[in-house]
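Report on one structure; see the data block that follows.
Order of listing sets the numbers, starting from 1, for every ligand and every atom in it. Residue indices begin at 1 and follow the sequence shown.
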Amino acid sequence: MNNNPIGVYDSGFGGLSVWRELYRALPEESIIYLGDGKNCPYGSLSEEKIRSLAVKSVEELLARGCKMIVVACNTATAAAIKHLRATFPDIPIVGLEPAVKPACQRTRSGVVGVIATERSLKSEKFLATLAKYGQGVNVIKSVGQGFVEAVERNAENSPQTEEIVREVVEPIVSQGADMLVLGCTHYPFLRDVIAKVIGERNVEIIDSGEAVEKRVESLLEEYDLRAEQGHRAEYEFVSFADGDYVQRLRCKAFAE
Ligand code: DGL
């Protein structure tokens with residue numbers, strides 16, 4: 001038993017899509033969410049830079065007493081997870097990666113779309129996953145250009161956002177994809193507009209949120225880290241950006 005918080009980290013707002021899954025499924029667990037904010041977007045930064053930002057963020061969360069870390073960012077996971085596990089060997093660290101495996105297993109058309117950041121799509125980790133599960137499947141990889149920025153601006157519902165989403169999603173769907181993998185934690189916030197662009201066409205949109213929640217749950221059991229029954233959870237939001245950003249993180253987490 002351990003009532004300390006779980007630490008969740010992302011470059012900005014995106015990891016809140018994972019935070020929401022944990023909040024719903026594990027109501028007795030306190031969570032500290034760190035949305036860097038100052039260095040977002042990570043998608044085109046060097047691996048080295050992302051690694052050092054990830055170490056700084058995990059140090060911050062550990063200094064606040066976190067018992068487990070969730071790197072709720074595909075880009076930071078691809079660039080830094082090995083390094084983080086080697087640097088902090090005593091703490092369970094959960095990473096995220098695009099749901100390529102279930103998409104390639106479930107596709108009937110044999111065409112799968114994966115949208116993610118440039119850094120994620122180029123990473124060794126992603127290419128290895130693709131080589132393992134993508135055989136015989138036409139996997140169309142696209143960068144969600146401008147998606148992260150739209151979510152950071154809270155502009156999910158603007159006509160301009162619909163345009164940038166259409167530019168990326170339409171070519172994937174036109175090529176016959178029946179699975180669309182959201183390989184960045186910011187993208188689930190664009191789910192409605194993505195669904196609008198897809199329209200009546202039969203395309204399943206998948207992200208990694210639920211799978212990560214299940215993984216967190218099983219590690220809490222394995223390490224005997226669950227909070228006590230009836231524990232009153234607390235939710236804290238921190239950032240390397242200013243107080244206004246922290247306020248926006250909190251609002252977005254509890255929106256809907
Ligand atoms: N949310 C992040 C991800 O899952 C990264 C977005 C960014 O900062 O570029 O990849």
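Those atoms of ligand 1 that come under 4.0 Å of a heavy atom in T75, given as number and element, are 3 (C), 5 (C), 10 (O). Numbered from 1 in the order shown, with element, the atoms of ligand 1 that lie under 4.0 Å from a heavy atom of C184 read 1 (N), 2 (C), 3 (C), 4 (O), 5 (C), 6 (C), 10 (O). Of all atoms in ligand 1, numbered sequentially from 1 with element shown, those under 4.0 Å from a heavy atom of G43 are 7 (C), 8 (O), 9 (O).
When every heavy atom of T161 is checked against every heavy atom of A150, the shortest pair comes out as OG1-CB, 3.7 Å. Between E29 and N4 the shortest heavy-atom distance is OE1-O, 4.4 Å. Shown here for R166 and P171, the closest heavy-atom pair between the two residues is O-CD, 3.8 Å. Nearest heavy-atom pair across I206 and A99 is CD1-O, 3.9 Å.
Note: F147 and Y187 have perpendicular aromatic rings, judged against thresholds of 30 and 60 degrees for the angle between ring planes. Aromatic ring pairs are classed by plane angle as parallel below 30°, tilted from 30° to 60° and perpendicular above 60°; the pair F254 and Y235 is perpendicular.
Under 4.0 angstrom from ligand 1, the non-hydrogen atoms of D10 all belong to its side chain. Under 4.0 angstrom from ligand 1, the non-hydrogen atoms of N74 come from both its backbone and its side chain.
For atom 7 (C) of ligand 1, the closest heavy atom belonging to the protein is Y42 N, 3.2 Å.
Checked by distance only, ligand 1 and S11 come closer than 3.5 Å through their nitrogen or oxygen atoms. Residue S120 has no nitrogen or oxygen atom sitting less than 3.5 Å from a nitrogen or oxygen atom of ligand 1, judged on distance alone.
Using a 4.0 Å heavy-atom cutoff, C73 is listed among the residues neighbouring ligand 1.
Considering only heavy atoms from C-beta on, V151 comes within 4.5 Å of K252 through its side chain.
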